[in-house]
Amino acid sequence: AAVTTPTLIVHSEQYWRCPIYQADRYFHALLRQGVTSEFLRFPGECHELTRAGTPKHREARFQAIIEWHDRFLR
């Protein structure tokens, strides 16, 4: 099935279960399909970003999600 929902991809660069190149490929596939998409990547972070990431990255992630919801879920 084709994706049509606006998509925010949030990815930590050192999350090895899903290497960053896979998220990047997905992001570009969405763009090719004309899906409104953004790719937010966090250098130096791993799977634990939400609990143990640097404060500035945790805040940036949270703010990006709030802004995304404000744009597409109101």
Side-chain angles (χ1 to χ4, degrees):
V3 176
T4 59
T5 305
T7 304
L8 173 63
I9 299 168
V10 179
H11 203 293
S12 298
E13 287 186 352
Q14 294 179 359
Y15 180 40
W16 306 122
R17 289 185 185 171
C18 178
I20 195 79
Y21 77 87
Q22 290 179 352
D24 189 59
R25 288 178 62 184
Y26 181 58
F27 172 65
H28 284 93
L30 291 171
L31 292 179
R32 282 192 303 275
Q33 292 179 40
V35 177
T36 300
S37 303
E38 290 182 14
F39 188 4
L40 184 59
R41 57 194 303 162
F42 290 98
E45 299 291 355
C46 65
H47 180 69
E48 296 290 320
L49 171 64
T50 60
R51 294 178 292 275
T54 62
K56 69 179 182 179
H57 286 165
R58 291 169 65 188
E59 181 180 2
R61 176 193 164 275
F62 189 62
Q63 190 62 42
I65 291 170
I66 289 171
E67 291 171 5
W68 188 265
H69 283 218
D70 282 346
R71 288 191 349 224
F72 295 104
L73 296 178
R74 287 192 176 221

In Å and rounded to the nearest 0.5 Å, what is the [atom1] to [atom2] distance from [X] to [Y]?
{"X": "Leu8", "Y": "Leu30", "atom1": "CG", "atom2": "CG", "value": "11.0 Å"}
{"X": "His47", "Y": "Tyr15", "atom1": "NE2", "atom2": "OH", "value": "5.0 Å"}
{"X": "Leu40", "Y": "Gln63", "atom1": "CG", "atom2": "CD", "value": "11.5 Å"}
{"X": "Arg17", "Y": "Cys46", "atom1": "CZ", "atom2": "SG", "value": "10.5 Å"}

Pairing of Lys56 and Glu59 as salt bridge, 4.0 angstrom limit: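 No, no charged N to carboxylate O under 4.0 Å.
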
Do Glu38 and Arg71 meet the salt-bridge criterion of a basic N to acidic O distance under 4.0 Å?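 Result for this pair is yes, salt bridge flagged.
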
So Phe27 and Phe39, would you call those rings parallel, tilted or perpendicular, with 30° and 60° as cut-offs?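 If you compare the ring of Phe27 with that of Phe39, the planes turn out tilted.
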
Is a donor on one side and an acceptor on the other found under 3.5 Å between the side chain of [X] and the backbone of [Y]?
{"X": "His28", "Y": "Asp24", "answer": "yes"}
{"X": "His11", "Y": "Cys18", "answer": "yes"}
{"X": "Thr7", "Y": "Thr5", "answer": "yes"}
{"X": "Glu13", "Y": "Glu45", "answer": "no"}

Just checking Arg25: does its CZ atom have more than 12 heavy atoms from other residues, nucleotides or ligands closer to it than 6.0 angstrom?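 No, CZ of Arg25 has 12 or fewer neighbouring heavy atoms, counting only those of other groups under 6.0 Å.
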
Going by heavy atoms in the side chains, are Arg58 and Arg61 under 4.5 Å from each other?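 SC-SC contact between Arg58 and Arg61 ruled out.
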
Thr50 and Phe62, any side-chain heavy atoms less than 4.5 Å apart: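 Sidechains of Thr50 and Phe62: no contact.
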
Within one Ile-Leu-Val-Met-Phe-Trp-Tyr cluster: Ile20 and Ile9, side-chain cutoff 4.5 Å: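 Looking at the clustering, Ile9 is in the same group as Ile20.
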
Verify the cluster assignment for Trp68 and Leu49: are they in a single hydrophobic cluster under the rule of side-chain heavy atoms below 4.5 Å apart?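 Trp68 and Leu49: one cluster.
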
